[in-house]
Amino acid sequence: MIFDRLTDSILRHLQHDGRMSNAELAQKVDLSPSACLRRVKILEQEGVIQGYRAIIDKNAVHSMSTVIVQITLERQTDDCLRRFESRARECPDVKECYLMTGDADYLLRVEARDMSDYERIHKEELSRMPGVVRIQSNFAIRPVVQPWKS
């Protein structure tokens, strides 16, 4: 896939509203609907667009707290990293996980219903992950910038 101004524009618009019709997207990026659809299909086939999802307002459904968790491992060997990442992928409370530079090895975004739910996640999930020697948790007060909101 050629990454040019049109491809960047398509991706930006779809990130903002993944449900917009192809006709609307084509108009916004100044392409014919067939050419636009062709580009989107190629982006999907090549894995650039990995899927579409619904962003749920946590306050509208139920109150969830976002917890940003920094994890430090005892070692940073390939095996230790691989084992930790495998367990993080299996944990349903971990919504995002990033390998980091700096003081912590990983940054996780965890969602919990309340403090007692986070205590459960901390005790039963995070502290039992392979190689974990330090966990630092920070509760988010509210989102300020989110890529899917304008």
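Because only heavy atoms are used, hydrogens play no part in the values below, and waters and symmetry mates are left out as well, while side chains stay in. One-based numbering along the sequence shown.
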ask   = Rounded to the nearest 0.5 Å, what separation is found between the CG atom of L6 and the CG atom of L11?
value = 11.0 Å

ask   = When you look at I71 and F84, which way does the side chain to side chain contact (heavy atoms under 4.5 Å, CB included) test go after all the steps?
value = CA-CA 10 Å; I71 300 281; F84 175 85; 3.8 Å; yes

ask   = Is L108 reachable from I135 through a run of I, L, V, M, F, W or Y residues, each pair having side-chain heavy atoms under 4.5 Å apart?
value = yes

ask   = Going by distance alone, is a donor N or O of one side chain under 3.5 Å from an acceptor N or O of the other, for Y118 and S65?
value = no

Nearest non-hydrogen partners of N22 and C36, listed with the distance = OD1-SG, 3.6 Å

ask   = Passes side chain to side chain contact (heavy atoms under 4.5 Å, CB included), D103 versus T72? Steps please.
value = CA-CA 8 Å; D103 294 334; T72 304; over 6 Å; no

Spacing of E46 atom CD and I49 atom CD1 [to the nearest 0.5 Å] = 10.5 Å

message = Assigning hydrophobic clusters by single linkage (Ile, Leu, Val, Met, Phe, Trp, Tyr; side-chain heavy-atom cutoff under 4.5 Å), is M115 placed with V69?
response = yes

request  = State, to 0.1 Å, how close L73 and C80 come at their nearest heavy-atom pair, and which atoms those are.
outcome  = CD1-O, 4.2 Å

Pair up each side-chain donor or acceptor in residues 93-100 with any protein partner under 3.5 Å, not counting sequence neighbours, and list the distances.
{"unit_1": "D93", "atom_1": "OD2", "unit_2": "R120", "atom_2": "NH2", "d": "3.4"}
{"unit_1": "K95", "atom_1": "NZ", "unit_2": "P92", "atom_2": "O", "d": "2.9"}
{"unit_1": "E96", "atom_1": "OE1", "unit_2": "Y98", "atom_2": "OH", "d": "2.3"}
{"unit_1": "E96", "atom_1": "OE2", "unit_2": "R109", "atom_2": "NE", "d": "2.6"}
{"unit_1": "E96", "atom_1": "OE2", "unit_2": "R109", "atom_2": "NH2", "d": "3.3"}

Same apolar cluster (I L V M F W Y, side chains within < 4.5 Å links), L31/L25 = yes

query = Distance from I10 atom CD1 to Q15 atom CD, nearest 0.5 Å?
reply = 12.5 Å

inquiry  = Return the CD1 to CZ distance between I121 and R113, rounded to the nearest 0.5 Å.
reply    = 7.5 Å

task = State plainly whether the residues E85 and R82 are in salt-bridge range, i.e. N to O under 4.0 Å.
result = no

task = Identify, with sequence neighbours excluded, every residue that meets salt bridge (charged side-chain N to carboxylate O under 4.0 Å, His left out) alongside D79.
result = R83

inquiry  = Could you walk me through whether L14 and L43 satisfy the side chain to side chain contact (heavy atoms under 4.5 Å, CB included) test, starting with their C-alpha distance in whole Å, then the side-chain angles of each, then the deciding distance to 0.1 Å, before giving a yes or no?
reply    = CA-CA 11 Å; L14 287 176; L43 290 166; 5.9 Å; no

task = Determine whether more than 12 heavy atoms belonging to other residues, nucleotides or ligands lie under 6.0 Å from atom CG of D114.
result = yes

ask   = Taking all atoms of both residues into account, what is the closest heavy-atom pair of M129 and R87, and its distance?
value = CG-CG, 3.6 Å

request  = Determine whether more than 12 heavy atoms belonging to other residues, nucleotides or ligands lie under 6.0 Å from atom CD of E44.
outcome  = yes

ask   = Would one find more than 12 heavy atoms of other residues, nucleotides or ligands at under 6.0 Å from atom CE of M20?
value = yes

query = From E24 CD over to R19 CZ, what is the distance, rounded to the nearest 0.5 angstrom?
reply = 12.0 Å

request  = Measure the spacing between NE2 of H13 and NZ of K28 and express it to the nearest 0.5 Å.
outcome  = 6.0 Å

task = Group every Ile, Leu, Val, Met, Phe, Trp and Tyr by side-chain heavy-atom contacts under 4.5 Å, then state whether Y106 and F139 land in the same group.
result = yes

task = Indicate, with yes or no, if V48 and Y52 share a hydrophobic cluster defined by side-chain heavy-atom contacts under 4.5 Å among Ile, Leu, Val, Met, Phe, Trp and Tyr.
result = yes

query = Any ion pair linking D4 and R39 (charged N to carboxylate O, less than 4.0 Å)?
reply = yes

